[in-house]
Protein chains: 2
Amino acid sequence: MQANVNLDQILEELDATGTLEGIQGVIVKLRNAFGVDHIIYHWVDSAGEQYGCGTYSDEWRDHYIAQSYIRVDPVVIGCFQRFHPVDWKRLDWSGKPARAFLADAMKHGVGNQGFSIPIRGPNGQFALFTVNHTCDDAEWARFSELNSRELILIAHYFNRKALEFEPERKGEQSRALSPREIDAMTLLAMGYSRAQVADTLAISEHTLRVYIESARFKLGAHNTTHAVARALSRGLIIV
Amino acid sequence: MQANVNLDQILEELDATGTLEGIQGVIVKLRNAFGVDHIIYHWVDSAGEQYGCGTYSDEWRDHYIAQSYIRVDPVVIGCFQRFHPVDWKRLDWSGKPARAFLADAMKHGVGNQGFSIPIRGPNGQFALFTVNHTCDDAEWARFSELNSRELILIAHYFNRKALEFEPERKGEQSRALSPREIDAMTLLAMGYSRAQVADTLAISEHTLRVYIESARFKLGAHNTTHAVARALSRGLIIV
DNA sequence: AGCCCCCTCGCGCTTTTTGGGGAGTGGAAA
DNA sequence: TTTCCACTCCCCAAAAAGCGCGAGGGGGCT
């Protein structure tokens, strides 16, 4: 295990690729460069959709999905509440399902040492970049200390690339909301009732209603809650 | 403007500090090291609370907050929908309020060139790390290309530090939603009416109501729309 | 000048949502 | 074992949201 990596070159190659196969190729190169067992980029969508890319065996990946391990995996759970990269040893493996999961993972060739970086994008996107290896604690500590910064950057670039593959971002361009509509949506998102919003904006409740309906129409929303949700996830309003 | 920075040393110092003043000191050092006009770390809370740290003048900061510029600022709005660092020139400054904001900003000593990095943490936390300067486009392009990676890393470390200071993170760790509550919130955010949600989840509408109320309670929300908005901005659900 | 959009306001009506109760199961943790 | 919590079901009255019909002034763009 040695960190003999030309970061620039790898990031450039990642940047240049336009296919999933290309990304997979970069991952393999990265693994070889770092001299570790596995590198995985794991995209987690809360709708239950997952998209993975990495050097784990196909069996393990399929097994992971089939078992819904994502709801058990301490790496995912732990990283989801953290910001900084985390060593697997510092996670909570005490639960019974967690230990069963770990045993199962090792049986499928997952190494005993791991280092995962949580990454978050717009609209609640969440992903994990993981480096996995088999070695003793001291060696692993040395490795992760040496390379953590490079790995953070690599994780960042991977996610940036992954977001490019996100399908619907470009097609769905909605008209921008008017200032009053933004006010209305914002206050509604803050929990105000229509009466309170109208009062806050110093307009009649009917006028407010017009704004809400107009915003709903522009956003293609079925109801107020939907409109607020869309405005939020499109970044049109900030609460 | 020169990039004569000892990244390791600065990050170490940041890591070692335990006070806001210390962070402020690191920012000033960073600014001097990079030789730019301003460096700002700007935290935007899901409750609308802001917390800033940087070299902008106090007047500008207070003015920014007083004017609720956060809802106008194209940097905030633009970064909120993006993942990768963004040059201010690539943002949409066409709106009238945006231009007024820009003029106001420049009057308060904000430079014409900027480079902002969006950062996201757990529970929908969002922050911006910004480098600001006054120079021509070519020089700025050279600078940002040279330093973008270092800046990403620095932004990452700043946010990590900022999360340590977050007071209520530990106290007000809003209880996570139960699976059914997440289902309910998600479907509501997708625009379904209660009847449709109940139907989709194959439960009675009354039962659904219990979930919604429970979720509302857990999220400290005044009404359903508020609950959905909070769940969204905390990253508990994704639409 | 005409068009389109933004802002503002009115009344009445139907449907949906909400808030106040209460009640029972099963599983997991203390 | 008891005590939580998640999950399921029910009634009723009040509040809120949605939908229909209107109306007019102002600003900007072509």
Side-chain angles (χ1 to χ4, degrees), chain A residues 71-72 77 92 94-100 174-231 236-237, chain B residues 72 94-100 173-231 236-237:
Chain A
R71 310 221 174 270
V72 178
I77 295 171
D92 177 22
S94 63
K96 209 158 131 191
R99 269 188 307 225
S174 57
R175 243 184 320 168
L177 299 180
S178 80
R180 284 311 235 185
E181 286 158 1
I182 291 180
D183 292 341
M185 289 293 108
T186 303
L187 291 169
L188 287 173
M190 293 184 350
Y192 289 35
S193 71
R194 287 210 311 207
Q196 289 174 304
V197 174
D199 201 50
T200 305
L201 296 179
I203 55 178
S204 81
E205 200 172 328
H206 179 83
T207 303
L208 171 71
R209 235 185 51 196
V210 177
Y211 296 150
I212 298 175
E213 272 172 41
S214 162
R216 222 175 43 220
F217 179 73
K218 287 182 182 175
L219 295 167
H222 299 132
N223 53 47
T224 301
T225 301
H226 193 196
V228 168
R230 290 209 150 170
L236 301 174
I237 60 173
Chain B
V72 177
S94 62
K96 206 159 137 193
R99 269 186 309 222
Q173 261 292 8
S174 58
R175 251 180 315 171
L177 299 181
S178 78
R180 286 310 239 183
E181 286 158 0
I182 291 178
D183 292 341
M185 288 292 110
T186 303
L187 291 169
L188 287 174
M190 292 184 349
Y192 289 37
S193 72
R194 286 210 318 207
Q196 289 174 304
V197 174
D199 199 52
T200 305
L201 296 180
I203 55 177
S204 81
E205 202 172 325
H206 314 287
T207 303
L208 172 69
R209 230 192 50 196
V210 177
Y211 296 148
I212 298 174
E213 270 174 47
S214 164
R216 222 175 39 222
F217 180 73
K218 287 183 182 173
L219 295 167
H222 299 132
N223 54 44
T224 302
T225 300
H226 194 196
V228 168
R230 288 209 153 170
L236 302 174
I237 62 173

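All chains are named by letter (A, B, ...) in the order of the sequence lines, taking the proteins before the strands, and each is independently numbered beginning at 1. FYI, side chains are in, hydrogens and waters are out, and symmetry mates aren't considered; it's all heavy atoms of this structure.
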*Asks:* Any side-chain N or O of A/K218 below 4.0 angstrom from OP1/OP2 of C/dC5?
*Replies:*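 Checking A/K218 against C/dC5: no side-chain N or O falls below 4.0 Å of OP1 or OP2.
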
*Asks:* Let me know the distance between CG of B/L208 and C1' of C/dT17, rounded to the nearest Å.
*Replies:*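 To the nearest whole Å, that distance equals 11 Å.
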
*Asks:* Assuming nearest nucleotide by heavy-atom distance, tell me which of B/E205 and A/E205 is located more 5' along DNA chain C.
*Replies:*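 This one resolves to A/E205.
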
*Asks:* Just the rounded figure in Å: distance from P of D/dC7 to CD of B/E181.
*Replies:*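 Going from CD in B/E181 over to P in D/dC7 covers 7 Å.
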
*Asks:* Does a nitrogen or oxygen in the side chain of A/S193 sit under 4.0 Å from OP1 or OP2 of D/dA17?
*Replies:*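 Result: no.
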
*Asks:* Where the side chain of B/R230 meets the backbone of B/L219, is there a donor-acceptor pair that is under 3.5 Å apart?
*Replies:*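 The answer is yes, because a donor-acceptor pair under 3.5 Å joins these two groups.
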
*Asks:* Once you apply a heavy-atom cut-off of 4.0 Å, does B/N223 come out as touching a base, just sugar-phosphate, or nothing?
*Replies:*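 The residue B/N223 makes no contact with any strand.
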
*Asks:* In whole angstrom, give the distance that lies between atom CE of B/M185 and atom P of C/dT17.
*Replies:*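 Answer to the nearest Å: 13 Å.
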
*Asks:* Taking salt bridge (charged side-chain N to carboxylate O under 4.0 Å, His left out) as the definition, give me every residue that meets it alongside A/R180, ordered by chain and number, with sequence neighbours left out.
*Replies:*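 In terms of salt bridge (charged side-chain N to carboxylate O under 4.0 Å, His left out), with neighbours along the sequence ignored, A/R180 is linked to A/D183.
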
*Asks:* Measuring from atom CG of B/L208 to atom CD of B/E181, what distance do you get when rounded to the nearest 0.5 angstrom?
*Replies:*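 The CD atom of B/E181 is 11.0 Å from CG of B/L208, to the nearest 0.5 Å.
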
*Asks:* At less than 4.0 Å, is any side-chain N or O atom of B/T207 found next to OP1 or OP2 of D/dC9? Yes or no.
*Replies:*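 Checking B/T207 against D/dC9: at least one side-chain N or O falls below 4.0 Å of OP1 or OP2.
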
*Asks:* Only counting residues at least two apart or in another chain, list the ones meeting side chain to side chain donor-acceptor pair (under 3.5 Å) with B/T200.
*Replies:*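 For B/T200, no residue satisfies side chain to side chain donor-acceptor pair (under 3.5 Å) once neighbours in sequence are set aside.
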
*Asks:* Tell me whether the OP1 or OP2 atom of C/dC7 has a side-chain N or O from A/S178 closer than 4.0 Å.
*Replies:*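 Yes, within the criterion.
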
*Asks:* Return a single string for nucleotides 21-30 of chain D, one symbol per nucleotide in 5' to 3' order, where B is base contact, S is sugar-phosphate-only contact and - is none, cutoff 4.0 angstrom on heavy atoms.
*Replies:* -------S--

*Asks:* Return whichever of B/Y211 or A/R194 has its heavy-atom-nearest nucleotide of DNA chain D closer to the 5' end.
*Replies:*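 First, find each residue's nearest nucleotide; the 5'-ward one identifies B/Y211.
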
*Asks:* Classify B/H222 by what it touches in the nucleic acid, base, sugar-phosphate, or nothing, heavy-atom distance under 4.0 Å.
*Replies:*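 Sugar-phosphate contact only - B/H222 comes under 4.0 Å of backbone atoms but never of a base.
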
*Asks:* Tell me which nucleotide among D/dC10, C/dC7, D/dC7 gets nearest to the side chain of B/S204.
*Replies:*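 The nucleotide sitting nearest to the side chain is D/dC10.
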
*Asks:* In whole angstrom, give the distance that lies between atom CD of B/Q196 and atom P of C/dT17.
*Replies:*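 Going from B/Q196 (CD) to C/dT17 (P), I get 9 Å.
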
*Asks:* Among D/dT8, D/dC19, C/dC9, which is the nearest nucleotide to the side chain of B/R180?
*Replies:*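 Within the option list, the nearest is D/dT8.
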
*Asks:* In whole angstrom, give the distance that lies between atom CD1 of B/I182 and atom P of D/dA6.
*Replies:*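 That distance rounds to 11 Å.
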
*Asks:* Give a yes or no answer on whether the side chain of B/T186 reaches the backbone of B/I182 with a donor-acceptor pair at less than 3.5 Å.
*Replies:*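 Present.
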
*Asks:* A/D199 has an atom CG; how far is it from atom P of D/dA16, in whole Å?
*Replies:*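 Interatomic distance, CG of A/D199 to P of D/dA16: 13 Å.
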
*Asks:* In Å and rounded to the nearest 0.5 Å, what is the CG to CD distance from A/L188 to A/Q196?
*Replies:*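 Going from the CG atom of A/L188 to the CD atom of A/Q196 covers 10.0 Å.
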
*Asks:* Quickly work out the B/F217 CZ to D/dC5 P distance and round it to whole Å.
*Replies:*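 Rounded to whole Å, this separation is 10 Å.
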
*Asks:* Select base, sugar-phosphate, or nothing to describe what B/S214 touches, counting heavy atoms under 4.0 Å on all strands.
*Replies:*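 It contacts nothing in the nucleic acid.
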
*Asks:* Is A/V228 close to B/V228 at the side-chain level, that is, under 4.5 Å between some pair of heavy atoms?
*Replies:*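 With C-beta onward as the side chain, the pair stays apart.
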
*Asks:* Do A/E213 and A/R209 sit within salt-bridge range, that is, some charged N less than 4.0 Å from a carboxylate O?
*Replies:*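 Salt bridge: yes.
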
*Asks:* Expressed in angstrom and rounded to an integer, what is the separation of A/I212 atom CD1 from D/dC19 atom C1'?
*Replies:*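 My rounded result for the distance is 13 Å.
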
